[in-house]
Every structure is written in C-alpha cells, then in structure tokens.
Amino acid sequence: QLQLVESVGGLVQPGGSLRLTCAASGFTLERNAIGWFRQAPGKEREGVACISSSGETTNYDYSATGRFTISRDTAKNMVYLQMNNLKLEDTGVYYCAADDVSGSRRHQCTTVSLAYDYWGQGTQVTVSS
C-alpha cells in the first residue's frame with residue numbers, strides 16, 4: 001500500500017529553522033517525483049518545492065528560493081525539506097506528495113498540485129514569536 005507520512009512539524013520563531021521529513025512506503029522514489037506543498041489558513045494549497053524521480057532536478061516556489069532545500073535519501077526512501085530563515089507567512093499545513101513518472105519525465109518535477117497522485121496527511125508548521 002502506497003503511503004506518505006510527514007514528520008511532526010512544530011512551533012518555530014521567525015528566523016528559525018525546521019526540517020520536515022516525508023517517509024515513503026509502498027513505492028520507490030526512483031519512479032516518483034516528490035513535492036512539498038503548503039496550505040495556509042484560508043488560502044489554497046501551494047507548491048513549495050519538488051525533486052524529480054532522477055533526483056537531479058529540484059524546483060522551488062519563489063517564496064522558498066534561497067531558504068528551503070529539498071533532498072532525498074533513496075536508501076531510506078525518505079524526502080526532506082530543510083527550511084531556514086522561517087517567516088510568519090510560512091505558517092501552514094505542509095504536505096508531501098508523489099507524482100508517478102517515467103521515461104522522459106524522470107528529470108522533471110512540478111510544484112503544481114494537480115500533477116500529484118498520492119498525498120500525505122499533512123503536518124502543521126507555525127512560525128510565531
């Protein structure tokens with residue numbers, strides 16, 4: 001059974017750091033692009049970062065560029081989102097999701113949520129002083 005489980009988020013002060021983990025089971029990262037998404041209260045879900053199934057391509061939303069880093073460990077089947085210099089507007093529920101890709105798409109990934117087939121349950125990240 002395919003499953004994605006995010007680590008527990010937490011409360012972080014502005015300027016602080018937090019690393020989220022997405023544990024994947026039932027499928028291999030080499031066949032799936034993984035994305036991280038965020039949904040703030042009263043707002044639509046937005047893409048934050050993604051990593052291709054080849055692991056060679058990463059993309060970031062402009063709000064995350066320079067502050068967030070997505071990475072993965074294929075041996076552990078886990079994907080990470082390192083978030084630095086957190087801001088109040090980073091508050092929200094964070095989700096990881098998997099996009100089953102193959103062939104020519106293995107070096108691509110998107111932060112568009114409609115492309116993703118499987119989703120984790122989400123984890124709350126609150127940035128507040």
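Reckoned from all heavy atoms, side chains included, excluding hydrogens, waters and symmetry mates.
- Both Leu29 and Leu2 are assigned to one and the same hydrophobic cluster, defined by single-linkage of ILVMFWY side chains at heavy-atom distances under 4.5 Å.
- Considering all non-hydrogen atoms of both residues, Ser17 and Asn85 come closest at OG-N, 4.3 Å.
- For the residue pair Thr126/Gln124, the side-chain donor-acceptor check at 3.5 Å is satisfied.
- Here the straight-line distance linking atom SG of Cys22 with atom OH of Tyr94 works out to 14.5 Å at 0.5 Å rounding.
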TODO: Determine, step by step, whether Ser54 and His107 satisfy the side-chain hydrogen bond (donor to acceptor under 3.5 Å, both in side chains) criterion, reporting the C-alpha distance in whole Å, the side-chain angles of both residues, the deciding distance to 0.1 Å, and the verdict.
DONE: CA-CA 6 Å; Ser54 69; His107 297 297; 2.9 Å; yes
- [ ] Please assess Asp61 against Thr111 for the test side-chain hydrogen bond (donor to acceptor under 3.5 Å, both in side chains), listing each intermediate value before the final yes or no.
- [x] CA-CA 7 Å; Asp61 178 72; Thr111 54; 5.7 Å; no
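- With hydrophobic clusters built from ILVMFWY side chains whose heavy atoms lie under 4.5 angstrom apart, Leu20 shares a cluster with Phe68.
- Contact between Leu81 and Ala49 at its shortest, heavy atoms only, is CD1-CB, 4.1 Å.
- Atom OH of Tyr118 sits about 10.0 Å away from atom CG of Asp99, to the nearest 0.5 Å.
- Going from atom CG of Asp90 over to atom CZ of Arg38 covers 5.0 Å, rounded to the nearest 0.5 Å.
- In this structure, CG on Asn77 lies 7.0 Å from CD on Glu30, to the nearest 0.5 angstrom.
- Here the shortest heavy-atom pairing between Arg72 and Gly55 reads NH2-N, 3.4 Å.
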Open item on the list: Working note: Ser53 + Arg31, criterion side chain to side chain contact (heavy atoms under 4.5 Å, CB included); need CA distance, chi angles, decisive distance, verdict.
Closed with: CA-CA 5 Å; Ser53 62; Arg31 286 190 54 84; 5.7 Å; no
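- Put simply, Tyr116 and Val79 are part of two different groups of oily side chains (I, L, V, M, F, W, Y) that touch within less than 4.5 Å, one to the next.
- For the atom pair Lys87 NZ and Arg67 CZ, the distance stands at 4.5 Å (nearest 0.5 Å).
- Contact annotation: the side chain of Asp73 approaches that of Tyr80 to within less than 4.5 Å [non-hydrogen atoms, C-beta and beyond].
- With hydrophobic clusters built from ILVMFWY side chains whose heavy atoms lie under 4.5 angstrom apart, Leu86 shares a cluster with Trp36.
- Of all the heavy atoms in Asn32 and Phe27, the pair that sits closest is ND2-CD1, 3.2 Å.
- Between Phe37 and Trp119, the ring planes lie tilted relative to each other; the angle falls in the 30° to 60° range.
- One finds the CG atom of Leu4 at 5.5 Å from the CD1 atom of Ile34 (value rounded to the nearest 0.5 Å).
- Counting all heavy atoms, side chain and backbone alike, Ile70 lies closest to Tyr60 at N-OH, 2.9 Å.
- Scanning both residues, Asp117 and Asp100, for their nearest heavy atoms gives OD2-N, 3.1 Å.
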TODO: Starting from the C-alpha separation in whole Å, work towards a yes-or-no answer on side chain to side chain contact (heavy atoms under 4.5 Å, CB included) for Gln121 and Glu6.
DONE: CA-CA 7 Å; Gln121 80 287 354; Glu6 299 93 346; 2.9 Å; yes
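- Side-chain atoms of Ser52 come within 3.5 Å of backbone atoms of Thr57 as a donor-acceptor pair (strictly under, hydrogens ignored).
- Distance alone, capped at 3.5 Å, is enough to place a donor-acceptor pair between the Thr123 side chain and the Ser7 backbone.
- Residue Val93 is not grouped with residue Val125 when hydrophobic side chains (ILVMFWY) are merged at heavy-atom distances under 4.5 angstrom, including chains of intermediate members.
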